[in-house]
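Heads up, the thing below is written out as structure tokens.
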Amino acid sequence: MSILDQARAQIAAIVARAAGAVGAELAAAEVKIEMPKEQSFGEFSVNTAMQLARQLKQNPRAIAEDIVKGIDTQGTYIQAVEIAGAGFINFRLSHRYYEDVVKEILARRSEYGKSNIGMSKRVIIEFVSANPTGPVHIGNARGGAVGDVLAEVMAWAGYDVYREFYVNDAGNQVAKFGASLEARYLEMFGRDFTFPEDGYVGDYIKDIALEYAKEHSGDLLEVASDERQRTLAQFGLALNIADMEQALERYGITYDNWFRESSLYENDKVPQAVELIRQKGYTYEKDGALWFEATRLGCDKDFVLVRSNGTPTYITPDIAYHVNKLIERNFDIAIDILGADHHGYVPRLSATMEAAGVGKDRLHIVLTQFVRLVRRKEVVKMSKRKGEIITLSDLVSEVGKDAARFLFNLYNPNTHMDFDLDLAVEKSNDNPVFYVQYAHARICSIIRQCEEERVRSEPDMSLLQEDAEIALIRILARFGEEIILAAQHFDTSRIPKYAVELAAQLHTFYNSCRVRVEDEALMAARIALITAVEIVLKNALDILGIDAPEQM
RNA sequence: GCGCCAGUAGCUCAGCUGGAUAGAGCGUUCGGCUACGAACCGAAAGGUCAGGGGUUCAAAUCCCUUCUGGCGUACCA
């Protein structure tokens, strides 16, 4: 249990006991403990008196006074209890609390911030899953950054995490891909060709056709169109998937598994999934098609699983895939990171899983809203139709993985965001990425110089009495809490925000307290403090998959 | 039409499981390097929390409603 958790548990127990003494029923777990941002309100705060006001039919302040009278702080971190505002009870902690926090960080180092609220539950997180008919484009970049960091956050919170990329290598798009390749291939050899109406237009299609011709010359010119398309499509998929893998790796993402949609078909998993849903009694036939009775599970309309011509609709392989994840492979929790354009799809997929007998809390879908790229104050226009796309590789080349990963995670996934390409490369205080990395480098630089001074004293944390020092420790103490909240809310943005807050307080501290001072004991204590900051910044940056430079 | 998401400072965004004076960065104005990294810090100005109702000790936060923007709403994927 972390020092912060210990303090909180002490307060919960004490308040519950004191509340019982004034005639209220209150379990320790029901005591809602807040951490006020205002330092003068103390370390923790409790609104119990207000909550009990109605039940006890008394003025909150009067209740608060009674509770405070009954509080016994023996053997706890609590130093003072005060009543404030409308009836808040504020707890001020003894300095020993801050000392213990710093000691805890120095002892746990790269483990500091880890917890086990996940209880080693197995989580599969699927993200990016870009269409393999083309390169990973900028639209997938946000989902990639969010998914990878969420996976790391969950791991820190004690979940057993598995990262997966779902490869849509079957179905209509692949057929279209093959047809587009065929056209470019024939064109290259001067044969007659017709470009498919809504085929893929980008230059990369020509490149793939050319690549094939280089390796196999014209061996497909005389075969049936059917086979030609299939061969080219498979060739292209292999190239594209290898490219995607490489681009994602440059972005700091590696997967435990690349799961092929085609494997579902090869193993008959799609009809099996349909059969499962049918057996559960959630289907009916109409107009020759097999329908899913989604309205019974709260959706606004039913939808088709198998068309009247016998082919599955787009959602059916996805059902099979999720059955595979949650039933066959039996992951406790599946998380999908999807673009917001899929939001209409979420209740449907959830309904099918419910029908399949999967508990509601086992599938979580995180939607990432669209990103507008901004360059020189102008929105960068992209047209998929014309093949004008910005790829993930372009982005990483232009701004680097650190800036991209940090900025995509800085905002809540569920808000629209502008990504300013100019800002991302700026090495200034406008740029939060450099701001945080600079703080880390600054600490490393100070520590390097202090090492030459050969401080012999054991650090005595009781010397850390300045406001700027206490403020710093207060933030450090919260790190594990931030990770837990991020995991519980599937909200990775807490981590970069926290990192910025910690970096800012470090800079404030730097400007008001010197580390290299005459007083050797004080110097030792301050070195210990900034070392703790360095550890936590490094841990936060590690979660984000971003370098923590020792100098810049 | 119905549904989902968003609307908070000039700009980009926090805060949203109700709590104390609505925050941060940028931009603007002023100030701070002969001291450990000025890629930094301090201060000031800047708000009808889109509008209107409601719920209660307390609403940016919950409910209803209107407006604005984005996206869904296929036997397309």
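Chain A is the first sequence line, chain B the second, and so forth, proteins listed ahead of strands; every chain is numbered from 1.
- Remark: A/N47 is not in phosphate contact with B/G19, judged by side-chain N or O atoms under 4.0 Å from OP1 or OP2.
- Among the heavy atoms of the strands lying under 4.0 Å from A/N412 are primed sugar atoms or P, OP1, OP2 only; no base atom is included.
- The phosphate of B/A74 has OP1 or OP2 within less than 4.0 Å of a side-chain N or O from A/K301.
- Within the 4.0 angstrom heavy-atom criterion, no nucleotide atom of any strand lies near A/K176.
- Ring geometry, A/Y284 versus A/W291: the interplanar angle falls under 30°, so the pair is classed parallel (tilted spans 30 to 60°).
- Among the heavy atoms of the strands lying under 4.0 Å from A/T415 are primed sugar atoms or P, OP1, OP2 only; no base atom is included.
- Among A/R8, A/R474, A/R92, the single residue meeting the salt bridge (charged side-chain N to carboxylate O under 4.0 Å, His left out) criterion with A/E43 is A/R474.
- Nucleotides B/A24 and B/U8 place their C1' atoms 13 Å apart, quoted to the nearest Å.
- In the interface, the side chain of A/D341 is not paired with the base of B/G72 through any donor and acceptor atom under 3.5 Å apart.
- Annotation: A/F259 is in aromatic contact with A/Y321 [ring centroid separation under 6.0 Å].
- At a cut-off of 3.5 angstrom, the base of B/G72 holds no donor-acceptor pair with the side chain of A/H342.
- Judged as a side-chain hydrogen bond (donor to acceptor under 3.5 Å, both in side chains), and not counting sequence neighbours, the contacts of A/D460 are A/S462.
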Expected rows: protein N/O vs nucleotides 20-24 of chain B N/O, under 3.5 Å:
{"unit_1": "B/A20", "atom_1": "N6", "unit_2": "A/S45", "atom_2": "OG", "d": "2.8"}
{"unit_1": "B/A20", "atom_1": "N6", "unit_2": "A/N90", "atom_2": "OD1", "d": "3.3"}
{"unit_1": "B/A20", "atom_1": "N1", "unit_2": "A/N90", "atom_2": "OD1", "d": "3.2"}
{"unit_1": "B/A20", "atom_1": "N1", "unit_2": "A/N90", "atom_2": "ND2", "d": "3.1"}

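- Looking at A/E275 and A/R278, a side-chain N of the basic residue comes within less than 4.0 Å of a carboxylate O on the acidic one, giving a salt bridge.
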Tabulate protein N/O versus nucleotide N/O from nucleotides 35-37 of chain B, keeping only pairs under 3.5 Å, one per line.
{"unit_1": "B/A35", "atom_1": "O2'", "unit_2": "A/R514", "atom_2": "NH1", "d": "2.5"}
{"unit_1": "B/C36", "atom_1": "O3'", "unit_2": "A/Q449", "atom_2": "OE1", "d": "3.1"}
{"unit_1": "B/C36", "atom_1": "O3'", "unit_2": "A/Q449", "atom_2": "NE2", "d": "3.2"}
{"unit_1": "B/C36", "atom_1": "O2'", "unit_2": "A/Q449", "atom_2": "OE1", "d": "3.1"}
{"unit_1": "B/C36", "atom_1": "O2'", "unit_2": "A/Q449", "atom_2": "NE2", "d": "3.1"}
{"unit_1": "B/C36", "atom_1": "O2", "unit_2": "A/V515", "atom_2": "N", "d": "3.3"}
{"unit_1": "B/C36", "atom_1": "O2", "unit_2": "A/R516", "atom_2": "N", "d": "3.0"}
{"unit_1": "B/C36", "atom_1": "N3", "unit_2": "A/V515", "atom_2": "N", "d": "3.0"}
{"unit_1": "B/C36", "atom_1": "N4", "unit_2": "A/Y510", "atom_2": "O", "d": "2.7"}
{"unit_1": "B/C36", "atom_1": "N4", "unit_2": "A/C513", "atom_2": "O", "d": "3.0"}
{"unit_1": "B/G37", "atom_1": "OP1", "unit_2": "A/S445", "atom_2": "OG", "d": "3.0"}
{"unit_1": "B/G37", "atom_1": "OP1", "unit_2": "A/Q449", "atom_2": "NE2", "d": "2.7"}
{"unit_1": "B/G37", "atom_1": "OP2", "unit_2": "A/Q449", "atom_2": "NE2", "d": "2.8"}
{"unit_1": "B/G37", "atom_1": "O2'", "unit_2": "A/Y438", "atom_2": "OH", "d": "2.5"}
{"unit_1": "B/G37", "atom_1": "O2'", "unit_2": "A/R442", "atom_2": "NE", "d": "2.8"}
{"unit_1": "B/G37", "atom_1": "O2'", "unit_2": "A/R442", "atom_2": "NH2", "d": "3.4"}
{"unit_1": "B/G37", "atom_1": "N7", "unit_2": "A/S445", "atom_2": "OG", "d": "3.0"}
{"unit_1": "B/G37", "atom_1": "O6", "unit_2": "A/M552", "atom_2": "N", "d": "3.4"}

